[in-house]
Amino acid sequence: MENKDFDKIFAYKFNQMPGEPYREEGWSDMSGRIDAYERRRWRWMFPVLLPLFGLLAAGNVFWWLQWREGAQRNNQGSGNVTTLLQSDTIVQTAVVYRYDTIYQNITLVRRYNIGETTTAKHVTQTKTSAFASSTPAAQQQSAAGIATAKVENEATQTQINLVEKNTQGIDNKQDIAKMNTEPGHAVSHQVTSVDTSSQITGTRVDSTLFAADSMAAYIQPVQQMIPKLSTPFFTIGRPRLNISAGWGNPLLDHKRSGYLLGAGLGADMELMRNVSLGADLHYWNGKIQADETEELLGVEIPNPGSDYKLKYWEAYQLPTVTYSFYLRYQIPLKKAWTPWIGMGTQGVTFLPFDIEFEFENQNNQLEIYLPGQTKAITHWHGMLAMAGIEKEIGPHFSFGAEAWLLRHIGKKPGILDNQLGLKTRLYYHF
Amino acid sequence: MLNKSELENVIRGCRKGDRYAQNRLYRAFYAWASAICLRYTHDTEATRECVQDGFFKVFTKIDKYGGDLSFEAWLKKIMVNTCIDRYRARLNEAATVEFTEVHDKLVLAETMINADAEYLLQLVRRLPPAYQATFNLHAIEGYEYQEIADMLHVSVGSVKSNLFKARRLLKEMLTNQQLETAYGK
């Protein structure tokens, strides 16, 4: 017999052979091996990711410190603006602008017609005088500067335009006092005191209040006090869009493990002062493992027989879409981070996902895995309670972080109806 | 077995680590895979271990399945390689087999045609591991000498020699069995 024929007979016979039929024990063993492998597979990442996250966090803190330092420097610099026109006229403008408790906008403008050669000197001296530094030495220097200016140019004209919008009436003395303690705000105090009375009475500013400054004689109120407009109760506006990323921890009674990760889009709009209405659309995915099936609403539970008892069920993919509406109240603190609290409601659509049930035979401890699949389900999730903080990071952007708690109001909560989670958001202000 | 679209879905699910899809794949191909591993092992327990190891490789390396081969061919390759890896240490064991000349070719052909697959399998399993692997790879799977040499990490000459000896042993066993049956030895 030829070798080819010999081989062909073996090949033919062997290809007809049925293999061993499927064994449930085999799959049970395989499933355990895969689980162990997956656990092992990600374990190496911790020593890598941990320093990476540390570096990222350190980088963020460093960046934030740099940013804060820069912002503080800018704030200090923006307290007054000095403009010099290098001709025969020097114009100096000092603006003090203070929000909230006192809406005060004071502009001092001085014009000196002086000779080219003395410009620099007068600039320095005039600046000192205008800010009326609280130190005696500075006051003397200030007076000397003015005197020099008067001597050198008799035709000096000074005009101080005072514009004051006082939203709090006369109750701003404390704030003014605070301002006085800070260098550079002394003039503000003087001007405010004078201006409040002078504008109300409509008289000229008394020059004696500007003892160290001869320009006081020329002070004239050029603008009447602008009355504060009352804020309407409903102020619909300030629309914002946001993108968010979040983590959710399902609070199941018999949960073994589980989490959700997601990303979404949202929008909010101010309804009244510090109160806004928002809406979110979020996509979540994750995995969950639990011992009991009572929270598996709308899922057909397989029944392998009375000898078998459920050990656990597991869903490896849990795709859901949530939509929430909420009201939030922004706590009006003048801090870099603005805290807020909110309440809302949330609905959910479960997209179809696979579930695996592991049953164990009570007699011989044989484990079997039975697969199941869900259909798309939409239902009301529960009530949301939220709390977070927010910080402006640019003229159009804010960054926020928040914690949220979802509670189902009813007797039979679903698998994701009770959750605790975290979210970060990046807001875009129009 | 699964049809083409089902198989594609199952493979996609396995790539995502979906346990349900993995179970479907395992269920569908377990018997087929075990029929391959049977030929390379010497007992049922070893066959099962090879099948398990092979499927474990399938599930953990399924990302590397590019679709250039059919899935069955890819799975078969993994199963065969798993069996060979398992017995690699024993593949180079020196086989001390004495041969007797087989004269009656007609008896041999008759025996082979009448023999059932299970019996032939038992004969192949009685071969030394190196002969068994070489014979299976060449006669059953259809690999060339060079491919077998690469897979077993031996020379082409060794492959030819092992194959020759495997065939000769099998023929001898078949003829002896026929003679034993005929003359009641």
Side-chain angles (χ1 to χ4, degrees), chain A residues 1-42 285 287-289 302 312-319 352-358 367-374, chain B residues 13-14 16-24 26-39 44 47-49 51-53 55-56 58-60 102 105-113 115-121 123-124 135-136 138-142 163-164 167-168 170-171 174:
Chain A
M1 181 184 269
E2 288 293 319
N3 283 342
K4 271 190 180 175
D5 296 332
F6 184 81
D7 292 351
K8 270 184 188 169
I9 292 172
F10 268 92
Y12 175 76
K13 295 265 182 185
F14 281 177
N15 286 329
Q16 301 302 311
M17 274 189 76
E20 191 186 20
Y22 168 80
R23 294 178 314 117
E24 198 62 56
E25 300 96 310
W27 171 245
S28 175
D29 171 54
M30 177 60 58
S31 186
R33 279 177 75 174
I34 298 168
D35 280 343
Y37 168 79
E38 283 177 355
R39 278 194 296 272
R40 268 201 318 274
R41 192 168 60 152
W42 298 110
N285 206 337
K287 59 198 292 186
I288 191 165
Q289 190 180 62
Y312 65 88
W313 61 265
E314 186 162 16
Y316 297 93
Q317 301 281 329
L318 204 57
F353 61 93
D354 298 323
I355 300 189
E356 188 176 283
F357 299 89
E358 184 181 328
E367 293 177 355
I368 59 167
Y369 292 86
L370 294 175
Q373 195 170 32
T374 65
Chain B
C14 288
K16 290 180 192 167
D18 175 7
R19 198 52 55 83
Y20 176 63
Q22 288 171 340
N23 179 252
R24 285 192 72 191
Y26 185 86
R27 225 175 245 272
F29 286 99
Y30 183 86
W32 187 76
S34 71
I36 296 168
C37 295
L38 277 174
R39 305 195 282 264
T44 312
T47 306
R48 286 178 178 172
E49 285 174 16
V51 173
Q52 293 292 87
D53 289 349
F55 268 110
F56 183 69
V58 168
F59 292 137
T60 52
V102 178
K105 291 182 179 175
L106 192 64
V107 170
L108 175 65
E110 215 176 292
T111 312
M112 282 189 70
I113 289 163
D116 62 2
E118 191 63 38
Y119 176 68
L120 295 180
L121 178 68
L123 295 185
V124 170
F135 180 75
N136 277 323
H138 183 77
I140 317 298
E141 320 295 353
L163 187 62
F164 169 77
R167 282 192 188 122
R168 192 162 174 177
L170 286 170
K171 284 175 187 176
L174 279 163

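A, B, ... follow the sequence lines: proteins, then strands. Residue 1 opens every chain. Source: prediction; values computed, not measured.
- For a residue to count as touching a neighbouring chain, one of its non-hydrogen atoms must lie under 4.5 Å from one of that chain's; by this rule A:Glu24 touches chain B with the side chain only.
- Using a 4.0 Å cut-off between charged nitrogen and carboxylate oxygen, B:Arg19 and A:Glu358 do not count as a salt-bridge pair.
- For the atom pair CZ (A:Phe10) and CG (B:Leu123), the distance works out to 6.0 Å, reported to the nearest 0.5 Å.
- Only the side chain of B:Phe59 comes within contact range of chain A, with heavy atoms under 4.5 Å apart.
- If you check the side chains of B:Gln52 and A:Asp29, you find a donor sitting under 3.5 Å from an acceptor.
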- prompt: Does the pair B:Asp18 and A:Glu356 meet the rule for a side-chain contact (heavy atoms from CB on, under 4.5 Å), with working shown?
  reply: CA-CA 10 Å; B:Asp18 175 7; A:Glu356 188 176 283; over 6 Å; no
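- Ranked by heavy-atom pairs shorter than 4.5 Å toward chain B, the options A:Asp35, A:Asn15, A:Ile355 are led by A:Asp35.
- Heavy-atom distances place both the backbone and the side chain of B:Arg167 under 4.5 Å from chain A.
- Not a single side chain to side chain donor-acceptor pair (under 3.5 Å) links A:Glu25 to another residue, sequence neighbours left out.
- Shown here for A:Met30 and B:Phe56, the closest heavy-atom pair between the two residues is CE-N, 3.6 Å.
- At a 4.5 Å heavy-atom cutoff, the contact between A:Gln317 and chain B is made by side-chain atoms alone.
- Between B:Arg39 and A:Met17 there is no side-chain heavy-atom pair separated by less than 4.5 Å.
- For B:Leu38, the part lying under 4.5 angstrom from a heavy atom of chain A is the side chain only.
- Qualifying ring pair (Phe, Tyr, Trp, His ring centres under 6.0 Å) partners for B:Tyr30, counting only residues two or more places apart in sequence or in other chains: B:Tyr26.
- Proximity to chain A (any heavy atom under 4.5 Å) is shown, for B:Glu141, by neither the backbone nor the side chain.
- Per-residue heavy-atom pair counts under 4.5 Å with chain B were compared for A:Tyr22, A:Tyr316, A:Tyr37, and the maximum is reached by A:Tyr22.
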